[in-house]
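Along the sequence shown, residues carry numbers from 1. All values derive from a computational prediction rather than experimental measurement.
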Amino acid sequence: MGTAVLDSPKLSPEHGEKGGAATVGPKELDAGALFVLKSRGTWLHCGYHLTTAIVAPALLSLPFAFALLGWAGGVLSLALAGLVTFYSYNLLSLVLEHHAALGKRQLRFRDMAHDVLGPGWGRYFVGPLQLGICYGAVIACTLLGGQSLKYIYLVARPNGTMELYHFVVIFGGLTLVMAQMPSFHSLRHINLISLLLCLAYCACTTAGAIYVGYSKNAPSRDYSITGVGMNRVFGAFNAFSIIATTYGNGIIPEIQATIAPPVTGKMFKGLLVCYAVVISTFFSVAISGYWAFGNQSRQSVLSNFMVNNHPLLPKGFLLMTNVFTLVQVSAVVLVYMQPTNVVIERAFADPKKDQFSIRNVVPRLIFRSLSIVLATTLAAMLPFFGDIMALFGAFGCIPLDFILPMVFYNLTFKPSRKGLVYWGNTIIAVLSTVLALVGAVASVRQIILDAKTYRLFANM
């Protein structure tokens, strides 16, 4: 993984300039920060990146989460998770702005952990945890892209013989080309398109659910919570993990690193853009999907639009919705590749050379391509990776998005222990820890229950 940078560099105006190295205080930026995390963006670009990282096709599983919680539990959990994550991400932003004001701007999650918790936390816990979660998201999104392609194929050719891994490889080939985008900032226009696409497929999904719900072929609806005893309890915690992971981000510092200085107040504006989209998409899909299909909602509500290979909606409408989903998930892959790209550039690029010199372009092309090939291979081999990712989400997304922001804020600003802020943050962190542990147990239990269906390269 290359040499770890133990001290977060202070940003100078030169950071983000095209080409070679920039001197930052007494230290030089490593190539990962210099080339991938260029600080040139506006708060609006930040909003595009945030929206792509959070509003992803995973939100199509929200009706399934509602089926495990019922109306009251589903709406309350979705609203509460939204409030907590908005608050949490704003706390992270305030900590980052505080350090930037002191002349020591932090560009990565590991930099924050290094400065707030100590070097060992950044190097051995937060850094590897974030990298694992983000690369796992790349694998999961590659699998999802292949499933979207297969869905489009089956709508067009119901008796087609191509299998899932064929479509995963095709999607991986598309990602292989797009992964060569040089920096996080260079994704701003792609992520604007991604924002528009997520609005489009969520509007289509909501309209489709309402159409099915009122049609003569409407399925019978039952809103009772399935399961009894421990099955119902584990189902509820599984639903909590789904909702928490859907709101998950894990790369707030890297997104804020793309903002041109001064950074004060810009991340908050970006969060407002993002959560305007979050509210309009998450609640519309979750409520309409659960209303239309009740406790028969599947892990992706799009699957409910097909019954015995017979579409409940016009084929053209289904194709359009899945094309929107397919294109948007390709943008999500690129966003979650950025921590991996930082590691690759830090290990193999020379910050003293121009970013587009042969010396730096060749290893970038080779190692980014290898990372995509590996992710595509794992996605094709492990079509049940969603179960594994649920476990990663419990261990990774919840600590990064619900626990560490509270800890960082309390340790950085030291609010009064008699005050509401300190105890509010502490309670959120403790409850999130419990949720992570129980969610991990529920995920392991689900993996054991589903293990009999696991098969490498299965056509699921």
Side-chain angles (χ1 to χ4, degrees), residues 1-11 24-25 27 29-30 32-33 36-37 84-85 87-137 244-245 248-257 267 336 338-347 391-415 417 421-422 425-437 439-440:
M1 293 176 64
T3 304
V5 180
L6 295 182
D7 291 312
S8 303
K10 302 176 185 176
L11 285 184
V24 189
K27 281 183 171 285
L29 285 169
D30 62 76
V36 179
L37 301 178
V84 171
T85 51
Y87 174 69
S88 170
Y89 298 152
N90 189 50
L91 291 189
L92 274 182
S93 173
L94 292 174
V95 174
L96 290 164
E97 290 177 3
H98 172 76
H99 284 275
L102 295 177
K104 198 170 187 182
R105 188 174 178 186
Q106 299 159 332
L107 301 177
R108 292 163 287 209
F109 226 130
R110 59 175 291 149
D111 296 340
M112 294 188 73
H114 172 275
D115 287 349
V116 178
L117 300 177
W121 284 92
R123 179 182 295 205
Y124 300 114
F125 178 69
V126 174
L129 181 65
Q130 183 201 36
L131 185 64
I133 286 297
C134 290
Y135 195 71
T245 305
N249 185 303
I251 52 174
I252 291 291
E254 286 77 5
I255 291 175
Q256 187 152 329
M267 188 68 165
Y336 282 102
Q338 299 311 304
T340 302
N341 291 344
V342 168
V343 171
I344 289 172
E345 297 285 329
R346 188 173 72 239
L391 178 62
F392 287 175
F395 275 124
C397 291
I398 293 176
L400 291 177
D401 297 323
F402 290 81
I403 301 173
L404 286 177
M406 311 302 161
V407 175
F408 287 170
Y409 185 89
N410 282 358
L411 291 178
T412 299
F413 293 102
K414 296 179 173 57
R417 295 199 174 193
V421 171
Y422 176 86
N425 291 347
T426 302
I427 290 170
I428 291 172
V430 171
L431 292 178
S432 298
T433 302
V434 173
L435 176 61
L437 293 174

Next item on the list: Would you please test Gln256 and Glu97 for side-chain contact (heavy atoms from CB on, under 4.5 Å) and show each step?
Entry: CA-CA 9 Å; Gln256 187 152 329; Glu97 290 177 3; 3.7 Å; yes
Just wondering, do [Y] and [X] contact through their side chains at under 4.5 Å, heavy atoms?
| X | Y | value |
| --- | --- | --- |
| Leu107 | Pro253 | no |
| Met267 | Ile255 | yes |
| Leu92 | Met112 | yes |
| Val407 | Leu117 | yes |
| Cys134 | Ile251 | yes |
| Asp111 | Arg108 | yes |
| Thr426 | Met406 | no |
| Arg110 | Leu131 | no |

Distance, nearest 0.5 Å, that separates [atom1] of [X] from [atom2] of [Y]:
| X | Y | atom1 | atom2 | value |
| --- | --- | --- | --- | --- |
| Arg105 | His98 | CZ | NE2 | 15.0 Å |
| Leu404 | Leu91 | CG | CG | 12.0 Å |
| Asp115 | Trp121 | CG | CH2 | 15.5 Å |
| Leu37 | Glu345 | CG | CD | 10.0 Å |

Notebook entry, point to check: For Ile427, which residues count as a side-chain contact (heavy atoms from CB on, under 4.5 Å) partner, sequence neighbours excluded?
Noted result: Leu431
Note to self: Going by side-chain contact (heavy atoms from CB on, under 4.5 Å), name the residues that satisfy it together with Ala436, two or more places apart in sequence or in a different chain.
What the structure shows: Ile398
Could you tell me whether a side-chain N or O of [X] sits under 3.5 Å from a main-chain N or O of [Y], the two making a donor and an acceptor?
| X | Y | answer |
| --- | --- | --- |
| Asp401 | Asn249 | yes |
| Thr433 | Ala429 | yes |
| Ser432 | Ile428 | yes |

Please find the pair of heavy atoms, one from [X] and one from [Y], that lie closest to each other, and give the distance.
| X | Y | value |
| --- | --- | --- |
| Leu400 | Phe109 | O-CZ, 3.5 Å |
| Tyr336 | Gly248 | OH-O, 3.7 Å |
| Ser88 | Pro405 | OG-CG, 3.0 Å |
| Gln130 | Gly250 | NE2-O, 2.9 Å |

Note to self: If the condition is ring-ring contact (aromatic ring centres under 6.0 Å, His included), which residues does Tyr409 pass it with, not counting sequence neighbours?
What the structure shows: Phe413
Notebook entry, point to check: For Thr85, which residues count as a side-chain hydrogen bond (donor to acceptor under 3.5 Å, both in side chains) partner, sequence neighbours excluded?
Noted result: Tyr275
Margin query: Among residues at least two apart in sequence or on other chains, which ones pass side-chain hydrogen bond (donor to acceptor under 3.5 Å, both in side chains) with Asn425?
Written below: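 Only Tyr87, Asn410 meet the side-chain hydrogen bond (donor to acceptor under 3.5 Å, both in side chains) criterion with Asn425.
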Next item on the list: Return the set of residues passing salt bridge (Lys or Arg N to Asp or Glu O under 4.0 Å) with Glu254 (not counting sequence neighbours), or none when no residue passes.
Entry: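 Glu254 satisfies salt bridge (Lys or Arg N to Asp or Glu O under 4.0 Å) with no residue once adjacent residues are dropped.
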